[in-house]
Structure formats: structure tokens, C-alpha cells
Asks: 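The following block contains the structure, expressed as C-alpha cells.
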Amino acid sequence: MSTSNNSEKKLFLLDGMALIYRAYFALNKVPRLTSYGLNTGAIMGFTNTLLEVLKNQQPSHIAVVFDTDAPTQRHIDFEAYKAQREKMPEDLATAIPYIFRLIEGFDIPIITKDGYEADDIIGTLAKRAEQNGFTVYCMTPDKDFGQLVSDHIFIYKPARMGNGAEILGVPEILEKWEVTDPLQVIDILGLWGDAVDNIPGIPGIGEKTAKKLIQEYGSIEGLIANTDKLKGKQKENVENFAEQGLVSKKLATILLDVPTELDEAALAYTAPNKELLEPLFAELEFRTLGKRVFGDDFTITDAESKKSSGQMDLFSADKSGFPDIPTAAAEATVAEHSINTIAHTYHLADTPEKQADLVQLLAKSKEFAFDTETTGLDALSAEIVGMSFALKKGIGYYVPTPADRDDAIQIMTTFQSVLEDPSIGKIGQNIKYDILVLSRYGIHLRGALFDTMLAHYLIDPDTRHGMDVLAETYLSYTPVSITELIGAKGKKQGSMRDVELEKIKEYASEDADITLQLKEIFQPLLQDSATEKLAQEVEFPLVYVLASIEQNGVKIDVDTLKTISKGLEQDVAKLEASIYEKAGVTFNIASPKQLGEVLFDKLQLDPKAKKTKTGQYKTGEDVLLALADKSDIVQDILDFRQMQKLKSTYVDALPTLINAETGLIHTSYNQAVAATGRLSSTNPNLQNIPIRTERGREVRKAFIPRDTDHVLLSADYSQIELRLMAELSQDKNMMEAFQKNQDIHRATAARVYGVDLESVTSEQRRNAKAVNFGIIYGQSAFGLSQNLKISRKEAAEIIDQYFAQYSGIRDYMSNTIEAAKEKGYVETIMKRRRYLRDINSANMTVRGFAERNAINAPIQGSAADMIKVAMIHIHQDILAKGLKGKMIMQVHDELVFDVPRSEVDTFKEIISQRMKNALKLQVPLEVEIGEGSNWLEAH
DNA sequence: GCGAGAGA
DNA sequence: TCTCTCGC
């Protein structure tokens with residue numbers, strides 16, 4: 001290779017491990033597994049990184065640099081260095097050897113040097129190469145490398161989702177770090193520290209402060225020499241931790257004198273070694289990627305792809321034997337396309353004529369995808385900016401709606417007929433949002449729904465379901481990012497209303513277009529995972545129910561809350577005074593850090609006090625409770641915490657969430673976050689309103705019916721999870737207890753302790769209850785022992801007794817785990833799946849976790865299925881009978897209604913029937929319905 | 001066990 | 001970001 005022209009000497013130095021980690025985490029949202037169970041996410045990510053560089057940058061020279069296990073000078077000088085690094089995830093560790101083979105396959109040299117880190121090797125080689133006339137690119141996501149840049153040395157930050165690769169030279173680094181010399185990056189890092197590498201820095205100094213101080217004093221040394229100009233806590237910290245700052249600086253400095261050669265000939269790049277690379281791609285089942293690299297004739301023959309799975313065939317004669325993980329995800333590559341690379345036709349329907357044409361087109365369709373663009377995220381206050389539609393892949397329509405509400409309504413009314421047509425299916429991503437927005441403009445969406453977010457939630461509940469991620473994963477497509485249009489989140493974020501029409505047309509149409517394409521992919525995946533019925537009959541119809549609950553809202557009695565707030569305020573003040581007196585100092589009780597120091601350093605309540613991983617004392621409830629007999633300050637602190645929590649989280653927060661228009665509180669239910677199938681509630685979270693303590697449950701008095709002519713009805717399933725466990729396991733003892741309508745915890749205690757029902761002590765019942773709950777929540781024996789404050793041995797004994805009595809449950813648990821190991825997933829009564837990727841892990845802790853999830857998910861998930869079905873039926877009954885009463889809350893196993901007095905009996909009958917008969921079970925179900933003038937009375 | 005939210 | 005605490 002000619003080296004006469006310097007511009008041709010282009011060296012890329014890749015920070016191997018850092019890039020691998022990045023690839024692993026970036027691509028691990030949806031796992032990519034080969035047919036024989038290898039997680040190839042990191043390998044594929046790294047391959048894409050390599051290809052990107054080779055193709056787009058055409059380096060003349062290239063190498064990948066790795067650390068070795070040998071300790072470096074940094075470890076010798078500073079013991080804690082990188083000591084807190086977490087162990088490498090297991091599936092990543094398995095992937096590493098493949099990555100080494102991959103690099104070899106590309107015929108790229110791997111450089112290591114015992115006793116030196118990759119950073120140092122890269123730094124040294126970069127500087128030498130620069131002297132020899134190279135332009136050098138250090139490829140790493142690591143910010144520390146900023147210190148290396150010069151006129152001919154650049155940082156090459158690999159492409160991230162949606163963003164292209166970034167090349168940082170001197171000007172960029174100076175701007176980013178707000179410094180005048182790249183070397184000052186080291187000073188900033190020395191002050192700021194780096195939690196990942198365990199570089200301590202100086203306490204109390206973060207990124208912002210570090211930049212400011214270095215701008216002012218030039219370097220850490222300069223700062224230390226000028227501490228007299230600092231004030232207060234900062235001054236103290238800099239003075240006390242000066243030494244630590246200097247050590248940190250040393251740790252952050254990349255060495256430039258590693259004894260290693262710059263072997264230009266070895267680094268010169270020619271071409272991949274096809275003989276090595278092609279079979280490796282085949283083994284990894286990189287079909288798309290293989291075609292890209294080797295051309296269309298690249299195929300994976302059966303012989304090759306089975307190479308590594310041979311031994312498994314012994315065990316899987318006629319079943320696949322492997323988790324049925326969505327294959328589209330396994331096959332997908334890093335996004336290769338965007339709106340700029342794919343042909344599309346997005347129309348602007350901005351005249352009455354065009355809109356009428358579009359309505360006609362939609363009216364003729366069986367289903368269409370649509371999306372609304374609004375000025376905000378809150379469906380109950382955001383204004384509509386436009387609507388987009390898609391009927392065919394690659395074609396979209398955007399209808400802008402003006403800021404004037406009446407004008408907007410006029411345009412939207414033309415679309416009312418199609419949106420409200422029950423015979424036309426509606427496809428959307430998080431349609432509940434659109435339903436709520438539209439209804440504020442007088443449009444009440446109807447028709448069968450297909451929500452791509454919920455579809456994916458059923459396909460793989462543990463991963464993320466945002467549209468951007470789904471598009472990247474399943475369509476290899478990066479959608480236009482919202483930040484491109486209106487800027488990053490925060491104060492400065494602009495409004496959708498102000499975006500240029502052309503841009504918003506492209507963005508909005510793309511959303512509808514992608515949603516449509518995702519539906520095409522998800523429909524068969526739902527069938528594959530047998531969750532199509534669950535989607536069509538439960539999750540999709542439930543969207544309408546939840547939208548209606550949210551809209552109905554809950555009335556809050558602000559005066560009651562104000563009274564409670566005053567009472568709490570006084571108590572908090574009293575406790576505060578008492579705590580300060582007993583401690584002999586005033587401090588911030590709400591700061592666990594300060595509290596720990598007072599309790600354990602000053603008062604010495606426990607010489608063996610435990611610390612958290614960040615070095616603070618642990619001050620959790622269980623820790624404090626154990627100290628209660630040492631000093632009555634402890635009880636005061638616990639009370640203080642309780643009052644403070646009640647006040648800030650509930651009593652004072654709820655009134656601020658009242659909607660000005662309706663005077664009610666409108667929570668938001670999220671249907672796609674809890675992996676078990678449960679709902680979650682936010683803004684406010686109505687699913688964690690206190691009930692356990694006398695003081696806390698007062699808050700429930702403030703939840704009231706909308707007027708005196710209404711009452712609240714609260715209906716809840718009694719012991720639903722335990723009944724489901726009895727049902728699923730068919731354990732005859734537990735089923736019998738329910739058939740005889742016994743107090744289940746008492747019955748359990750009687751069995752576990754071998755006594756009569758009548759002679760069960762309250763402690764025995766409490767323990768039995770804890771075991772029952774432990775199983776439902778998938779707790780470990782350790783968790784149980786902690787919960788009951790008994791030794792692990794005692795806990796294990798109770799559990800043994802439990803399983804001896806309930807052998808059906810024991811068998812059910814081991815069968816479920818066995819099945820999960822084989823299939824890779826567990827399922828609920830309605831076939832809701834949960835994949836358990838760690839169920840076969842060699843790591844006991846990790847596997848134990850997956851095993852407990854295997855038990856827990858079917859039970860909790862079936863309960864969720866059941867109440868969802870009941871909700872849909874009740875909702876339908878309310879509509880069919882034209883009732884005035886409303887469903888207003890769901891709290892996992894409880895439904896709350898706001899009902900006119902005249903309808904109370906009708907409602908009780910409907911609720912009871914629908915809840916009891918949601919699923920056909922052998923175990924009897926109990927539904928308790930209460931009635932009252934507030935939630936506390938009703939419950 | 002999970003999820004939400006407050007506060008430092 | 002971490003720690004703590006509320007519900008189920």
C-alpha cells in the first residue's frame with residue numbers, strides 16, 4: 001500500500017470492550033437468539049460497527065484493542081480502581097469468543113498488552129501514528145478519550161439509534177467540555193469522578209461544577225492552590241479531598257508511553273477472510289447481514305446452522321426444544337433505513353376537497369392505521385394539531401387541524417363517520433391516547449382495535465414497546481425523531497403547533513405508516529405465540545374500558561385533605577423537635593445519608609451497622625425497626641417518615657392533580673408496563689393509596705362520590721391469587737379450604753403447625769400468611785426470613801412443612817419450572833406468555849429469580865386476565881343497559897364504581913356476576929362488594 | 001416479587 | 001442516580 005500521500009494514511013483504533021458493551025446494551029432490548037439459543041445481540045451490534053467503519057470510512061489501517069486480565073499500574077496505585085465493576089452478564093461472556101473470531105474473520109489485528117489498559121495502548125499508538133503522518137480515529141463511546149484529540153487525532157463515536165456517527169476534533173472537544181485545551185478534560189474528570197471506573201473525584205462536584213471550576217482555575221492543581229477563593233461546603237470538600245482529586249486525575253490520565261510498537265504493515269487493512277467469516281456468519285445465523293457482506297447467494301445450509309446444536313437434538317426429537325422467541329426480532333439488524341432512504345408518498349390533505357377524497361378512501365377500507373399529533377403528552381389537556389392515516393405500506397396522509405378549536409372541530413367532523421364506524425378496524429400505537437384526545441373534540445372512536453404497543457406487550461412483555469424501538473427492531477427503520485422537530489425534552493422544548501407543515505406531514509404520516517407495517521408483522525407473531533385471542537378479546541377491547549375509566553375520573557374532597565394535611569404538619573413538627581432534641585443536633589431527617597451518620601456515627605446505635613453499595617448507612621424501615629429498643633428516637637424517625645410520606649405523596653399531591661375543567665382526578669392506566677399482565681397507574685398512582693395504617697387510610701375518606709345522590713361501590717376478589725394457585729395446582733388441601741370457605745391463612749397455619757383451626761395463634765397465622773404471600777410474589781426463602789425476622793433455617797423449615805401439607809403446590813411448582821426450562825416461557829390461564837430467558841442460567845441467583853418468576857407470573861397474570869375480562873363485561877353491560885353509574889378505579893383485584901343510589905342494586909348484581917364468572921374455575925370465587933359515602937367506607 | 005413517586 | 005415506602 002502506498003504511503004506517499006499522508007491523507008491516505010488513515011488509522012482506526014477501536015476500543016474493543018467498550019464497543020462490545022455498548023452493542024450489548026443497545027441491542028438487548030429485544031433479544032436476538034439463534035435457533036440453538038445463543039444470544040447474538042452484542043455480536044451483531046459489533047459486526048455492524050465494524051461494517052460501518054470499513055464501508056463509510058475506508059480506513060487504510062485498523063486494529064481492535066483490548067485489555068487483558070493482568071493488573072495495571074492503576075490497580076497497584078489505587079486499590080478501589082474499577083473494583084465495583086459488575087460482573088459481565090452471562091450471555092455477553094458467551095458472546096465474546098465469537099467476537100474475537102469475528103475480528104479475525106475480518107482479518108483485523110487484535111492488540112493487547114499485559115499491564116496496560118486498552119485506553120493507554122490506544123493513546124500511545126495514536127500519538128506515535130500521528131508523528132508518522134497518520135490521521136488517527138479513536139473509535140470509542142468513552143468520554144475520557146477527549147483528552148487525546150489533536151490536529152490529527154479524532155474521536156470517532158459510533159452511530160447510535162437515530163444518530164449518525166460523530167467525529168470529534170479539537171474544536172468539538174473544547175466546546176463540549178468548555179475548556180481551552182483538550183488536556184483539561186483530565187482535570188474535569190479528576191474533579192467529577194467516574195462512578196463506572198470507581199474514580200472517586202471530589203465529593204459534591206459533578207459535571208457542571210467541575211467545568212466551572214476548571215474554567216476558572218485551569219487545573220486541579222490551580223484549584224487546590226486557590227481554595228481561599230471558594231466558599232462553604234465546596235471549600236471544605238476541595239481542601240479535605242485535595243489528595244483524592246489528584247489521585248483521580250492520575251487515574252483519568254491516559255498513558256502515552258506504553259512499550260509497544262506501531263507496526264504499520266500489520267495494521268494495514270485489505271479485505272475480510274471469506275473462508276473464516278462466511279461459516280461464522282452461517283453459524284450465527286446472520287442471514288440479512290450475510291447477504292449484505294457476501295451478496296445474495298449467501299445462504300445458511302441446514303448442515304451449517306445445526307453444527308452447534310447437534311447435541312441438543314438428542315433431547316428434542318419432535319419438539320423444537322427452544323424458546324419460541326419471535327423470529328423477526330432475531331433476524332432484524334441494526335436500523336439501516338430511515339425516511340431518507342425509503343421511497344414513500346406522504347400526502348398533505350389540507351383542503352376540503354382532499355379531505356373528502358381521503359374520507360371516501362377510508363370509508364371503503366376494512367381497517368386503517370391512524371395517529372393524532374398534539375401539543376402535549378397529557379391526553380386530557382393537549383390540543384390536537386393534526387391526524388394522520390395509512391392504508392397501504394409507504395403511503396400516508398396528513399390532515400392538519402388549525403389552532404382555533406371550532407375550526408378544528410369542523411375539519412374533524414368530516415372524519416367522524418369513518419372514525420366512529422364500528423365496522424372499520426382501527427390500528428394505532430397506544431390508541432387509548434388517541435381515543436381520549438378525539439373524545440374531547442366530540443369524536444367517539446368505535447370499531448375493533450389493533451394496538452401495536454399492546455400487541456408487542458403480548459409478544460414479549462419484558463421488553464420495551466415504544467414505536468421507535470419497535471420500528472428499529474422489526475422494520476430496521478429509524479423513524480424521524482420527535483426531538484428533531486421540537487427539540488429535546490425540558491423547558492425549551494417547542495410545540496408541535498409551530499413545526500413547519502412539510503416536516504410535520506412527513507413525521508405524522510410516517511407514524512401511521514409504520515404503525516400499519518408493524519401490525520402486519522405483529523399479527524402473525526400473535527398467532528405464533530397463541531396470544532391472538534387474548535389480544536382480540538381482552539387487551540384490545542380493554543383499551544375502550546380504560547379510556548372510559550380515565551375519563552370518568554374520581555372526585556376528591558379537598559377540605560378533608562386540607563384538614564388531614566394540617567394535622568400531619570403539626571405532628572411532623574413535633575416529631576422533628578423531639579428527634580433534634582434526642583439527637584443533640586439538627587439535621588435533615590429526610591436525608592438517609594445524614595440520618596445514617598447521626599444514628600450510627602454520633603449515637604452509635606449499632607456498631608455493626610450495614611452500608612449500602614454507595615457507602616451510606618442503611619436506614620430502611622426493617623433496619624430501624626430492629627433498633628427500636630435502643631432509643632426511642634428510632635420510633636420518632638419511623639413516625640416522621642410515615643407522616644412525611646403521607647403528606648407529600650398523597651395528602652398534598654392529590655389536590656394539585658385535580659383537572660380544572662372537570663374538577664375530578666383523572667389517573668392514567670398503563671396497559672403495557674407490568675410484565676405479569678397487571679395494569680399500572682400514574683398521575684396519580686391510584687393503586688397505592690394507603691390502607692395498612694390507621695393514619696394512612698384516612699386518605700381514602702377523601703375519595704367521594706360525585707354528589708350526595710351517588711355512592712361509591714367497591715368490589716374486590718377475595719384471595720384471588722391463592723384461589724388461582726389452588727386452581728392451577730389442583731392441590732386438594734388448598735381447594736378444600738376454599739370450598740369450605742375457611743380463612744385461608746388460618747387454615748394454612750393449622751396445617752403447617754399441625755394444630756386445630758381454633759387453636760392457631762396470631763403469630764402462627766401471620767407466618768402462614770407470609771408464606772402464602774411469599775409464593776404469590778415469588779419471594780425467595782431469604783426474602784421470607786427477612787420479612788418475618790426469623791433465621792433462614794426457620795424459614796426453610798416452615799416452607800418444608802408447607803410443601804409437605806400442600807404437595808400439590810409443590811408438584812405444580814416443580815412442573816411449572818420444568819416446563820419453563822423446556823419451553824422458555826410460562827403462561828396464564830388465558831395464554832398470556834412471559835419469557836424467562838435466565839431459566840437455564842448456570843448462575844444460581846439469576847436462575848432462582850427466573851424460577852420464582854415462573855411460579856409467580858401464571859398466578860398474578862391469571863388474576864390480571866380475570867379482572868380484565870370482568871371489566872370488559874361490566875363496561876358492556878353498563879352501555880347496553882344505559883346505566884348512569886360509572887367505573888372509576890381498578891386496583892389489581894378491586895374495582896370501584898360511582899353509582900346513583902337508584903342503580904346500586906342493579907350494579908351489585910352485574911358486578912358480582914361478571915366478576916365471579918369472568919373465567920370458568922373449579923375453585924369457588926368470592927367477591928366482596930361494599931357501599932359507602934367514601935372509599936374507606938365502601939371498601 | 002413489581003410498579004410509582006418523593007426527595008436528596 | 002439512589003434510597004425509601006406505599007399498594008397489590
Side-chain angles (χ1 to χ4, degrees), chain A residues 193 195-196 203-204 206-207 233 461-462 587-597 610-625 637-654 656-657 667-693 695-697 699-700 716-722 769-770 772-784 786-787 834 848-861 863-864 867 889-895 935 939:
Chain A
V196 181
E207 179 180 5
K233 196 81 189 159
D462 278 287
F587 62 102
N588 186 347
I589 309 169
S591 157
K593 186 167 180 287
Q594 292 184 34
L595 178 66
E597 284 159 10
K610 293 206 177 70
K611 295 196 173 181
T612 66
K613 60 182 169 218
T614 50
Q616 290 182 38
Y617 288 110
K618 283 191 177 176
T619 65
E621 192 171 27
D622 46 338
V623 178
L624 295 191
L625 233 32
I637 291 165
L638 288 167
D639 292 344
F640 173 90
R641 281 220 181 123
Q642 197 202 350
M643 308 293 156
Q644 188 89 332
K645 165 108 185 173
L646 280 176
K647 194 168 177 311
S648 64
T649 313
Y650 307 106
V651 180
D652 290 348
L654 287 174
T656 68
L657 291 160
T667 186
S668 177
Y669 287 99
N670 199 329
Q671 209 177 335
V673 288
T676 52
R678 278 185 174 179
L679 299 176
S680 80
S681 150
T682 51
N683 276 317
N685 180 352
L686 292 183
Q687 296 181 318
N688 73 344
I689 305 298
I691 189 158
R692 253 179 47 236
T693 63
R695 204 68 194 268
R697 60 201 304 170
V699 177
R700 295 191 172 219
D716 71 287
Y717 281 116
S718 146
Q719 306 296 356
I720 183 66
E721 272 113 346
L722 287 173
K769 186 175 171 181
N772 279 332
F773 270 79
I775 290 175
I776 293 169
Y777 294 144
Q779 216 173 34
S780 59
F782 175 69
L784 180 70
Q786 279 213 319
N787 229 336
R834 176 145 191 214
F849 187 69
E851 287 177 357
R852 292 195 298 279
N853 269 333
I855 307 300
N856 162 254
I859 297 172
Q860 232 181 69
I867 198 162
M889 284 193 269
Q890 192 258 33
V891 190
H892 305 309
D893 61 358
E894 173 186 9
L895 295 174
W935 192 9
H939 189 81

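From a predicted model like this one, the values you see are computed outputs, not experimental measurements. In what follows, chains carry the letters A, B, and so on, assigned in the order in which the sequence lines appear, proteins first and then strands, with residues in each chain numbered from 1.
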Asks: Distance check, rounded to the nearest 0.5 Å: A/L624 atom CG versus A/L638 atom CG?
Replies: 5.0 Å
Asks: Taking side chain to side chain donor-acceptor pair (under 3.5 Å) as the definition, give me every residue that meets it alongside A/R641, ordered by chain and number, with sequence neighbours left out.
Replies: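 For A/R641 the side chain to side chain donor-acceptor pair (under 3.5 Å) partners, ignoring immediate neighbours, are A/T619.
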Asks: When you check every protein heavy atom under 4.0 Å of nucleotides 2-8 of chain B, what one-letter string (B, S, -) results, 5' to 3'?
Replies: SBSBSSS
Asks: What pairs with A/E894 under side chain to side chain donor-acceptor pair (under 3.5 Å), at least two apart in sequence or on another chain?
Replies: A/S714, A/W935, A/H939
Asks: Would you compute the distance between atom CD1 of A/I691 and atom CZ of A/R700 and round it to the nearest 0.5 angstrom?
Replies: 4.0 Å
Asks: Under the ring pair (Phe, Tyr, Trp, His ring centres under 6.0 Å) rule, collect the residues that match up with A/F773, sequence neighbours excluded.
Replies: A/H745, A/Y777
Asks: Residues in salt bridge (Lys or Arg N to Asp or Glu O under 4.0 Å) with A/K647, at least two apart?
Replies: A/D652
Asks: Restricting to ring pair (Phe, Tyr, Trp, His ring centres under 6.0 Å), what partner residues turn up for A/F849, sequence neighbours left out?
Replies: none
Asks: Among residues at least two apart in sequence or on other chains, which ones pass side chain to side chain donor-acceptor pair (under 3.5 Å) with A/Q779?
Replies: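 Counting only residues at least two positions away or on another chain, A/Q779 forms no side chain to side chain donor-acceptor pair (under 3.5 Å).
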Asks: Under 3.5 Å, is there a donor on one side chain and an acceptor on the other for A/Q890 and A/Q687?
Replies: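 Short answer, yes.
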Asks: About how many Å separate CG of A/N683 and CG of A/N670, when rounded to the nearest 0.5 Å?
Replies: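 It is 11.0 Å, given to the nearest 0.5 Å.
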Asks: Per the salt bridge (charged side-chain N to carboxylate O under 4.0 Å, His left out) rule, what does the pair list look like for residues 680-689 of chain A, sequence neighbours excluded?
Replies: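 Qualifying pairs: none.
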Asks: Heavy atoms within less than 4.0 Å of DNA chain C: which residues of residues 617-625 of chain A have one? Give them sorted by number.
Replies: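 Correct list: A/K618, A/T619, A/G620, A/E621.
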Asks: Under 4.0 Å from any heavy atom of chain A: name the first and the last nucleotide of DNA chain C that qualifies, 5' to 3'.
Replies: C/dC2 to C/dC8
Asks: Select base, sugar-phosphate, or nothing to describe what A/I691 touches, counting heavy atoms under 4.0 Å on all strands.
Replies: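 The answer is sugar-phosphate, as A/I691 gets under 4.0 Å only of primed atoms, P, OP1 or OP2.
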Asks: List in chain and number order the residues that pass side chain to side chain contact (heavy atoms under 4.5 Å, CB included) with A/K618, two or more places apart in sequence or in another chain; answer none if no residue qualifies.
Replies: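 Side chain to side chain contact (heavy atoms under 4.5 Å, CB included) list for A/K618, sorted by chain: A/K610, A/T612, A/V623.
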Asks: Got a sec? Which of residues 772-784 of chain A come in under 4.0 Å of DNA chain C, heavy atoms?
Replies: A/Y777
